[in-house]
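Just so we're clear, the structure is a prediction, and the values are computed from it rather than from any experiment.
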Amino acid sequence: MTSKTIANGILRALGIVTGILLTLYFFYMIRSVLAYLAAAAVIALIGRPVVLFLRRKLNFPNTLAVILTMIFMVGVLAGIFALFIPLITEQSKNLSLLNIEELQRSINTLYLKTTQYFGLSSNMVEDVIHDSEIERNIIQGLDIGFVPNFLNSLLNILSSASIGLFSVLFISFFFLKDSKLFQNGLLIFIPKTKEKGTVNSIEKINNLLSRYFVGLLLQIFILFVIYTIVLLIVGIENAIVIAFLCALFNIIPYVGPLIGGALMITLTMTSNLGADFSEVILPKTGYVLIGLVIGQLVDNFFSQPFIFSSSVKSHPLEIFLVIIIAGLLFGVVGMIVAVPGYTAIKVILKEFLSENKIVKSLTENL
């Protein structure tokens, strides 16, 4: 081996590494566009069954079916946002966001009622507060003046997000209108010998993920119904909105239900600020907690196994391990995309490595 050959090999390796780094940097710079494409792909997968129904069952032209589907989904999204207006208004009134002194008095009242109910002596609590400086740092130093600034910042963020929303809807329309658009773009980079397998993989992935996302909506709907019934029985205002918001957190595996449960309990307590703690707040919170447990039992033993077995053809234990590993590697985002990503990988492996013993074992149900 000559020095020239070695030098050419080193230069080639450096060129490959440089190309990979530049590609990764390019993807990093256009991460917003990639996020838009991913969100649009999810919306297209969810809307795909509706488009197919309108085309095959009602004989609608493709463009009209896509337009009606997009109008339906945008209407649903607008209705969801509209539902949150009463909740925000009511919670703002309950927490007295425009009256800092009244909010501080409400928090102090709730604090005193809690200590009295659990039989904590005031001297003991005051000693703990004094030693840990909680009173100075939290209660006395509670500054609610950030709320108006926060709301203004939120409005600015929403204004910027409207551009992203328009972009996602625009891309989604063409993904639905031309289902081969993404496929044709991908085939440009695929060798001719692999095109048939790639097309089969994309078609199977579309079918599986479309069923998965529809099943996910069904899972959220079941939790929404359970939570709504519980909150209505307990007598919580804006029960429908609170139930929907908490059910929506179930999209995040394992962590989401905890966040949703904590949010529901918090909103239950703040909706009854000023009422008697032992006779009103505590019993209602207990009933809501029971409802949360029932909802999660139904979800864990019925909804999730049904979705995983019928949509993505994977065992619940298999999915559990995948989600945990993705969460450890990539955090919450990894947990959310774990199931769709794992499903896509399984389909691709089965298409191109079907004779491999491990692949054959993992993909026998596909």
How many angstroms lie between atom [atom1] of [X] and atom [atom2] of [Y], to the nearest 0.5 angstrom?
X: Leu223; Y: Ile294; atom1: CG; atom2: CD1; value: 12.0 Å
X: Ser172; Y: Leu37; atom1: OG; atom2: CG; value: 9.5 Å
X: Leu209; Y: Thr343; atom1: CG; atom2: OG1; value: 6.0 Å
X: Ile171; Y: Phe166; atom1: CD1; atom2: CZ; value: 10.0 Å
X: Leu282; Y: Leu289; atom1: CG; atom2: CG; value: 10.5 Å
X: Leu232; Y: Ile229; atom1: CG; atom2: CD1; value: 8.0 Å

Can any side-chain N or O of [X] pair as donor or acceptor with the backbone N or O of [Y] at less than 3.5 Å?
X: Ser210; Y: Leu45; result: yes
X: Asp299; Y: Gly295; result: no
X: Asn207; Y: Glu203; result: yes
X: Asn200; Y: Lys196; result: yes

Does any non-hydrogen side-chain atom of [Y] lie less than 4.5 Å from one of [X]?
X: Leu77; Y: Leu165; result: yes
X: Leu258; Y: Phe249; result: no
X: Ile251; Y: Gln219; result: no
X: Phe302; Y: Leu297; result: no
X: Ile233; Y: Tyr287; result: no

Any link between [X] and [Y] through a network of hydrophobic side chains (Ile, Leu, Val, Met, Phe, Trp, Tyr) touching at under 4.5 Å?
X: Val255; Y: Leu329; value: no
X: Ile205; Y: Val51; value: yes
X: Val337; Y: Val214; value: no
X: Leu217; Y: Leu245; value: yes
X: Leu64; Y: Phe72; value: no

Between [X] and [Y], what is the shortest heavy-atom contact and its length?
X: Leu176; Y: Asn62; result: O-OD1, 4.4 Å
X: Ala40; Y: Val168; result: CB-O, 3.7 Å
X: Tyr36; Y: Ser167; result: CD1-CB, 3.9 Å
X: Met73; Y: Ile43; result: CE-CG2, 3.5 Å
X: Gly235; Y: Lys284; result: O-NZ, 3.9 Å
X: Gly291; Y: Tyr227; result: O-CE2, 4.2 Å

Leu231 and Met264: CA distance, side-chain angles, deciding distance, side-chain contact (heavy atoms from CB on, under 4.5 Å) verdict: CA-CA 9 Å; Leu231 292 175; Met264 186 181 295; 4.1 Å; yes
Neighbour count above 12 (heavy atom, 6.0 Å) for Ile252 CD1: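 More than 12 within 6.0 Å, yes.
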Contacts under 3.5 angstrom, residues 19-34 side chains, donor-acceptor by atom type, not counting sequence neighbours:
{"from": "Thr23", "atom 1": "OG1", "to": "Gly19", "atom 2": "O", "distance (Å)": "2.7"}
{"from": "Arg31", "atom 1": "NH1", "to": "Tyr28", "atom 2": "O", "distance (Å)": "2.8"}

Derivation and outcome, side-chain contact (heavy atoms from CB on, under 4.5 Å), residues Ile67 and Lys177: CA-CA 9 Å; Ile67 292 174; Lys177 183 176 182 295; over 6 Å; no
From CA spacing to verdict: side-chain contact (heavy atoms from CB on, under 4.5 Å), Val339, Tyr212: CA-CA 9 Å; Val339 176; Tyr212 169 73; 3.5 Å; yes
